[in-house]
Visitor: 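The structure follows.
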Protein chains: 2
Amino acid sequence: MSNLINISEAASLALHSMALIARNQPQRMNVKVLARDLDVSQTHLAKVFQKLSKNGLVKSVRGPAGGFELDKPAEDISFLEIYEIIEGKVNLTDCPLGKTHCVFETCIFGDELNRISADIYATLKEMNLSKF
Amino acid sequence: MSNLINISEAASLALHSMALIARNQPQRMNVKVLARDLDVSQTHLAKVFQKLSKNGLVKSVRGPAGGFELDKPAEDISFLEIYEIIEGKVNLTDCPLGKTHCVFETCIFGDELNRISADIYATLKEMNLSKF
DNA sequence: TTTATTTAGGTACTTCAATTCCTAAATAAG
DNA sequence: CTTATTTAGGAATTGAAGTACCTAAATAAA
């Protein structure tokens with residue numbers, strides 16, 4: 001069973017966690033609670049948050065009653081920003097498969113892959129944490 | 001650098017090879033030539049063709065002047081069929097992330113993931129080997 | 001009939017990303 | 001001040017995809 005859209009477990013965790021934190025504002029949430037709510041590995045989620053924290057999406061507070069909170073307004077945090085911090089920058093310009101050269105003069109997918117990639121990109125960019 | 005659409009190296013090889021074979025009809029092509037044309041590992045490509053052959057997409061002929069040829073008309077082989085043989089059946093009905101339960105009553109992606117997945121699916125289903 | 005070519009398929013190895021483990025550092029609470 | 005809680009981050013492990021290796025089976029050509 002396969003997925004057509006490329007969203008890793010880590011990126012999914014990031015997006016769902018951020019939505020939970022947004023929903024729980026202004027109280028912060030810690031990894032333990034988030035992992036329980038999402039029913040995922042606490043250590044994996046902790047790693048994900050190291051990235052989110054280092055990239056300025058969340059502010060971390062250590063110690064008892066510590067945890068994470070949004071570091072900017074919810075509407076200023078797009079799904080795309082979260083996605084790219086975890087998965088890396090999305091490449092829309094080159095071959096969607098990352099090839100630099102090809103036997104085919106014109107891509108066997110025509111323009112469909114580019115069309116769809118652009119659609120996903122725009123969709124992720126449009127969505128943000130304001131609705132939670 | 002990340003990809004929004006989920007197409008593995010193996011699936012890409014399968015699609016490109018099948019397009020080359022379609023283009024080269026009625027002569028068959030062997031793994032050696034295909035691997036050279038696509039500039040990929042011969043052994044990896046051979047593995048891919050074992051799947052394509054077992055699933056009735058290509059007919060194999062061993063020995064000198066052997067190789068692979070399409071086992072049905074080019075227009076009857078969709079990109080989706082090739083894709084699913086390599087990646088496994090696409091799942092459109094459940095959560096696009098493969099989760100069975102979720103803390104959120106309604107998916108954080110709204111209906112966007114389903115919409116895009118359906119778009120990709122339909123696109124792959126529509127495309128076939130007739131144009132090569 | 002013999003030989004060279006080519007696919008079939010099992011097993012093992014490699015590589016890279018995903019995940020886990022373990023210890024350190026920070027900090028609130030008592 | 002001490003302790004318990006929580007994040008930080010390096011190191012180790014796991015797992016999946018890709019790759020290589022090897023032998024067998026088929027078959028065309030010589």
Side-chain angles (χ1 to χ4, degrees), chain A residues 1-3 6-14 17-18 21 24 27-71 83-89 97-99, chain B residues 1-3 6-18 21 27-71 83 85-88 97-98:
Chain A
M1 200 174 62
S2 64
N3 266 326
N6 202 29
I7 301 180
S8 70
E9 172 83 2
S12 172
L13 293 194
S17 300
M18 291 297 281
I21 292 173
N24 204 51
Q27 286 101 41
R28 46 174 170 260
M29 298 183 80
N30 64 44
V31 167
K32 195 174 193 173
V33 170
L34 287 167
R36 179 171 46 67
D37 285 0
L38 295 170
D39 191 24
V40 297
S41 149
Q42 197 170 321
T43 54
H44 190 198
L45 190 57
K47 278 296 179 205
V48 167
F49 268 94
Q50 283 182 20
K51 283 190 185 176
L52 296 176
S53 178
K54 259 198 295 196
N55 284 278
L57 249 56
V58 292
K59 188 168 58 180
S60 73
V61 178
R62 297 187 185 188
F68 297 94
E69 55 196 81
L70 301 189
D71 204 17
Y83 180 93
E84 286 193 319
I85 284 171
I86 304 300
E87 306 278 39
K89 281 278 178 188
L97 299 170
K99 291 279 178 183
Chain B
M1 201 173 62
S2 65
N3 267 325
N6 202 29
I7 301 181
S8 70
E9 171 83 3
S12 172
L13 293 193
L15 288 161
H16 283 88
S17 299
M18 292 296 281
I21 292 174
Q27 287 101 40
R28 47 175 170 259
M29 299 184 80
N30 65 45
V31 166
K32 197 175 192 173
V33 170
L34 288 167
R36 179 170 46 67
D37 285 1
L38 295 170
D39 191 26
V40 297
S41 149
Q42 197 170 322
T43 54
H44 190 198
L45 191 57
K47 285 294 180 204
V48 167
F49 268 94
Q50 285 182 18
K51 281 191 186 177
L52 296 176
S53 178
K54 261 196 296 197
N55 284 277
L57 249 54
V58 292
K59 188 167 60 180
S60 73
V61 178
R62 297 187 185 189
F68 296 94
E69 54 196 82
L70 300 189
D71 204 18
Y83 179 92
I85 285 170
I86 305 299
E87 306 278 38
L97 299 171

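So that the names make sense, note that chain A is the first sequence line, chain B the second, and so on, each numbered from 1. Because the structure is a prediction, the values reported are computed rather than measured.
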Visitor: Using a cut-off of 4.0 Å on non-hydrogen atoms, how would the nucleic acid contact of Ala10(B) be classed: base, sugar-phosphate, or nothing?
Guide: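 Sugar-phosphate, no base atom in range.
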Visitor: Can you list the residues that meet the side-chain hydrogen bond (donor to acceptor under 3.5 Å, both in side chains) rule with Gln50(A), with sequence neighbours excluded?
Guide: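 By the side-chain hydrogen bond (donor to acceptor under 3.5 Å, both in side chains) rule, Gln50(A) matches no residue at all.
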Visitor: Could you list by number each residue of residues 28-41 of chain B showing a heavy-atom separation from DNA chain C of less than 4.0 Å, or answer none if no residue does?
Guide: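 Heavy-atom cutoff 4.0 Å gives Asn30(B), Val31(B).
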Visitor: Among residues two or more places apart or on two chains, list those pairs meeting salt bridge (charged side-chain N to carboxylate O under 4.0 Å, His left out) that have a residue in residues 40-55 of chain B.
Guide: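 Counting only pairs at least two positions apart or across chains, no salt bridge (charged side-chain N to carboxylate O under 4.0 Å, His left out) contact touches residues 40-55 of chain B.
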Visitor: If the condition is salt bridge (charged side-chain N to carboxylate O under 4.0 Å, His left out), which residues does Lys32(A) pass it with, not counting sequence neighbours?
Guide: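 Scan of Lys32(A) (salt bridge (charged side-chain N to carboxylate O under 4.0 Å, His left out), adjacent residues dropped) gives none.
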Visitor: Hey, does the side-chain of Glu9(B) have a donor or acceptor N/O within less than 3.5 Å of a partner on the base of dG18(D)?
Guide: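 No, no donor-acceptor pair under 3.5 Å.
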Visitor: Taking all heavy atoms of Ala14(B) and all of Leu52(B), pick out the closest pair and write down the distance.
Guide: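 For Ala14(B) versus Leu52(B), the nearest heavy atoms are CB-CD1, 4.2 Å.
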Visitor: Quick one: does Ser17(B)'s side chain get under 4.5 Å of Val48(B)'s, heavy atoms only?
Guide: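 No. Closest side-chain heavy atoms not under 4.5 Å.
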Visitor: Within this structure, what is the CD-to-P distance between Gln50(B) and dC21(D), rounded to whole angstrom?
Guide: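 Taking CD of Gln50(B) and P of dC21(D), I get 16 Å after rounding.
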Visitor: Mind checking side-chain hydrogen bond (donor to acceptor under 3.5 Å, both in side chains) for Ser53(B) and listing every partner two or more places apart, or none if nothing turns up?
Guide: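 Partners of Ser53(B) under the side-chain hydrogen bond (donor to acceptor under 3.5 Å, both in side chains) test: none.
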Visitor: Let me know the distance between CZ of Phe49(A) and P of dG9(D), rounded to the nearest Å.
Guide: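 Going from CZ in Phe49(A) over to P in dG9(D) covers 15 Å.
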Visitor: Evaluate the side-chain proximity of Phe49(A) to Leu13(A): yes if any heavy-atom separation is below 4.5 Å, no if none is.
Guide: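 No. Closest side-chain heavy atoms not under 4.5 Å.
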Visitor: I'd like the 5' and 3' limits of the part of DNA chain C contacted by chain A, with heavy-atom contacts below 4.0 Å.
Guide: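 The contact span of chain A on DNA chain C goes from dT19(C) to dA28(C).
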Visitor: Using whole Å, report how far CD of Gln42(B) lies from P of dG18(D).
Guide: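 Distance check: Gln42(B) CD to dG18(D) P gives 17 Å.
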Visitor: Figure out the CG/C1' separation between Leu45(B) and dA20(D), and round it to whole Å.
Guide: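 Answer to the nearest Å: 14 Å.
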Visitor: Polar atoms only, N or O, under 3.5 Å: list the protein pairs with nucleotides 11-14 of chain D and their distances.
Guide:
none

Visitor: Kindly write out the residues that satisfy side-chain hydrogen bond (donor to acceptor under 3.5 Å, both in side chains) with Ser2(A), not counting sequence neighbours, or none if the list is empty.
Guide: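 So Ser2(A) forms no side-chain hydrogen bond (donor to acceptor under 3.5 Å, both in side chains) with any residue.
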Visitor: Got Leu57(B) and Phe68(B) here, is their nearest side-chain heavy-atom distance under 4.5 Å?
Guide: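 Side chain of Leu57(B) against side chain of Phe68(B), heavy atoms only: no contact under 4.5 Å found.
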Visitor: When the C1' atoms of the five terminal pairs at each end define the local axes, what inter-axis angle does the helix from dT1(C)-dA30(D) to dG30(C)-dC1(D) show, to 10 degrees?
Guide: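 Overall, the helix from dT1(C)-dA30(D) to dG30(C)-dC1(D) bends by 0° from one end axis to the other.
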Visitor: The criterion is side-chain hydrogen bond (donor to acceptor under 3.5 Å, both in side chains); which residues satisfy it with Asp39(A), sequence neighbours excluded?
Guide: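 Per chain and number, Asp39(A) pairs via side-chain hydrogen bond (donor to acceptor under 3.5 Å, both in side chains) with His101(B).
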Visitor: Please name all residues satisfying side chain to side chain contact (heavy atoms under 4.5 Å, CB included) with Thr43(A), sequence neighbours left out, ordered by chain then number.
Guide: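 Partners of Thr43(A) by the side chain to side chain contact (heavy atoms under 4.5 Å, CB included) criterion, ordered by chain and then number, come out as Ser41(A).
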Visitor: How long is the line joining CG of Leu52(A) and C1' of dG9(D), in whole Å?
Guide: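 It works out to 15 Å between those atoms.
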Visitor: Side-chain donor-acceptor pairs under 3.5 Å in residues 58-65 of chain A, sequence neighbours left out?
Guide:
none

